[in-house]
*Asks:* 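Have a look at this one before I ask anything.
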Amino acid sequence: MRYSSYFIHTLFDVPKEAEAPSHILLLRGCYIYPVAAGVYSLLPLGHRVAEKIKTIIREELNGIDGIELTMPVLNPAELWKKTKRYYDIGAELIRIKDRKDREFVLAMTNEETVTDLAKHFLRSYRDLPVMLYHIQTKIRDEARPRGGLLRIREFFMKDAYSFHRDFADLDAYYPRIFNAYLRIFARCGVESIPIEADSGIMGGSGSHEFMLESPNGEDRFVVCTHCDYRANTEKAEGVKSRLEKPAVPPPPREKIATPGVKTIADLMRFFNTDEARFLKTVAYEADGDLVLAVIRGDYAVSVTKLTNHLQAIHVDLASEERLAAKGFHAGFLSPVEAGGVRVIVDTSVAAGDVFIAGANERDAHFKNVCAGRDFPLGEQTDLAEVREGDLCLNCRQGTLRLGRGIELGHTFKLGTKYTAPETMDVTYLDPAGEQQRVIMGCYGIGVERLLASVVERWHDEAGIIFPPTIAPFQLVLVAIGKSPEVLASAEKLYQDLKRRYEVLYDDRDESPGVKFKDADLLGFPLRLVVSQKLLKAGQVELKVRQTGEVVICPQNDLEATLDQLFQNLQPTLEGLPYMEE
RNA sequence: CGGGGCGUAGCGCAGACUGGUUAGCGCACCUGCCUUGGGAGCAGGGGGUCGGAGGUUCAAAUCCUCUCGCCCCGACCA
């Protein structure tokens, strides 16, 4: 490809809307162009990278017996009503009507359409297992798109679905997709950290997110400093410290006037003691019902954990009006005399622990509230957000380190969420002629997010540093000067090289500085330079973008040198945290 | 959804507080000359409904009201 006739218009200045490095560099490099909030065109360069990522995904999935198909974005609402997702998902799901007033949705994923296929075609145990996947546009009306390609509203997602005779078969298949994911990300040049993920209300035995650790990530996870425990903070659990037990039973609880003292910080000042001495009570509305979550003051309630425990769909902080209607007062809530409201207590609170807690009346708290005595510990579970430095529950030796990351992919043992009788009811006949339920798994990767993640991981002040596996061109050829010899030589090199490599020939009438800056910005793995001076010596120059290494080599050795340099840049697939197959 | 910020040429910005020639600068773009190892130089040139609507005024990029768009932060701890 010749630069002069291709579609590249790099920007010198940083567009002011961009903050994340990948956002800035992809805009400056003419990889993407914004169309609306969270909606982008992939320009020719970006398109090439995305296609390469898709190719890697296809190769790996085909390698584990995945079968590609294409399912539509436009889905009849009927299908989504069957699985209840039509009702359970909020505004993120775009609902539209056709000219005949029939309801449709724009698919965010394709469980409905693929399970419908399974129901229709998979009748016999002989048809199972099977894994179907596609790389298709997904539409999600995100509340807040951000970071360029990091969170967008329309994107390509590879979504894969596997169907199995039973859980054992799903369990047997799962490591294969897990390992394929590790290879996909590694081949794209990024280190992915597989972590245990929250599997939501359907429970199930397994879900993993593959994270790229990055300051621009939106997800938080913990890794143990000692063992291989790694988990999303939505799921992670640390060992909780215990309060010292009082030597003698505490005196009866005592009401203290605490006008305007509402937050734990206020209370700490008022009572001059540390936060673990307080009981924090938070009121939620779970699918319409009021519940109180009770936790020690030095921990925070995880809404995800609470939601899962309640098996609820929507859990939100209770409104002031809702509280007032029940006679509660925000800031003075308490499980003591909670008037029959459902109370869930975190495991940070143990029987006999003594706290300062709300009095369930305005401007008052209780001292000497004793867990188990002044309020029951009946419904108790882990509700706490994990904290940096908590002892690892898995090995009890290491501590948990908090990390921030970008979710590159998600694998999920779905079980029967979509095949159960109350949803799409998918069964097959086993060898004995008995009806058996089909068991599912689903697995997703966002293509654009992966692209942006690679740039987040691989860039410097000068620009992007693409791994050769997904670079839009492997090699950029730069001719310096306009002498006929140089141009003729560059032209010949271009003709030769493009037979073996993807070469961008920068044939523009620009100064060397401009060409070098653009080459660096755009991130081609190797830069090949021809100049008068080099030609006289029968040499060419190669520069490795990633290392800055410069190799002057005789023209005769060019191909061998190129092969060697590319070899060095190949990502390794050794030593990844593979799951035993 | 809540909070903050920003909308003036493709990109980055000035002009606005204190209304008043023909709305300006850098980069990019076009033409010519010149130059070629890290965003060169000279000369000439094209490009703007000042986000939109309404209002105040003799006069609005500038003041007022409404609205649309984009970006960032937050989305819970009583």
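Note on naming: letters A, B, ... go to the chains in the order of the sequence lines (proteins, then strands), and numbering restarts at 1 for each one.
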*Asks:* Does E541(A) or A283(A) map to a spot on RNA chain B nearer the 5' end, using the closest nucleotide for each?
*Replies:*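 That would be E541(A).
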
*Asks:* Which residues pass the salt bridge (charged side-chain N to carboxylate O under 4.0 Å, His left out) test with K492(A), sequence neighbours left out?
*Replies:* D496(A)

*Asks:* List, with names and distances, any nitrogen or oxygen atoms from the protein found under 3.5 Å away from nitrogen or oxygen atoms belonging to nucleotides 9-11 of chain B.
*Replies:*
| unit_1 | atom_1 | unit_2 | atom_2 | d |
| --- | --- | --- | --- | --- |
| C11(B) | O2 | D13(A) | OD2 | 3.4 |

*Asks:* Excluding sequence neighbours, so at least two apart, what forms side-chain hydrogen bond (donor to acceptor under 3.5 Å, both in side chains) with R140(A)?
*Replies:*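 Here no residue qualifies.
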
*Asks:* Distance to the ring centre below 6.0 angstrom and angle to the axis at most 45 degrees; does that hold for R48(A) and F473(A)?
*Replies:*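 Positive - R48(A) is close enough to the ring of F473(A) and near enough to its axis.
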
*Asks:* G39(B) base to E510(A) side chain: any donor-acceptor pair below 3.5 Å?
*Replies:*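 Counting by modelled atom types and ignoring angles, no donor-acceptor contact under 3.5 Å is found here.
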
*Asks:* Of all residues at least two apart in sequence or in a different chain, which pass the salt bridge (charged side-chain N to carboxylate O under 4.0 Å, His left out) check with R277(A)?
*Replies:* D274(A)

*Asks:* May I ask which nucleotide in the shown strands pairs with C29(B), Watson-Crick or G-U wobble, both distances under 3.5 Å?
*Replies:*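 WC or wobble partner is G45(B).
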
*Asks:* Could you give all pairs that pass the side chain to side chain donor-acceptor pair (under 3.5 Å) test and reach residues 323-342 of chain A, with sequence neighbours left out?
*Replies:* R253(A)-E337(A), H329(A)-R362(A), R342(A)-E379(A)

*Asks:* Check whether the side chain of R527(A) and the base of G38(B) form a donor-acceptor pair under 3.5 Å.
*Replies:* yes

*Asks:* Measure distances between side-chain N and O atoms of S511(A) and base N and O atoms of G39(B), and say whether any donor-acceptor pair falls under 3.5 Å.
*Replies:* no

*Asks:* Would you list the atom pairs, donor with acceptor, under 3.5 Å between side chains in residues 294-303 of chain A and any protein atom, with sequence neighbours excluded?
*Replies:*
| unit_1 | atom_1 | unit_2 | atom_2 | d |
| --- | --- | --- | --- | --- |
| R296(A) | NE | D298(A) | OD1 | 2.9 |
| R296(A) | NH1 | S241(A) | O | 2.9 |
| R296(A) | NH1 | S348(A) | O | 3.4 |
| R296(A) | NH2 | S241(A) | OG | 2.8 |
| R296(A) | NH2 | D298(A) | OD2 | 3.0 |
| D298(A) | OD2 | R387(A) | NH1 | 3.4 |
| Y299(A) | OH | R387(A) | NH2 | 3.0 |
| S302(A) | OG | T304(A) | N | 3.4 |
| S302(A) | OG | K305(A) | N | 3.1 |

*Asks:* Quick check: any donor-acceptor pair below 3.5 Å linking the side-chain of K543(A) to the base of G37(B)?
*Replies:*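 It does not, because no donor-acceptor pair links the side chain of K543(A) to the base of G37(B) below 3.5 Å.
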
*Asks:* So, is R146(A) near the phosphate of C73(B), with a side-chain N or O under 4.0 Å from OP1 or OP2?
*Replies:* yes

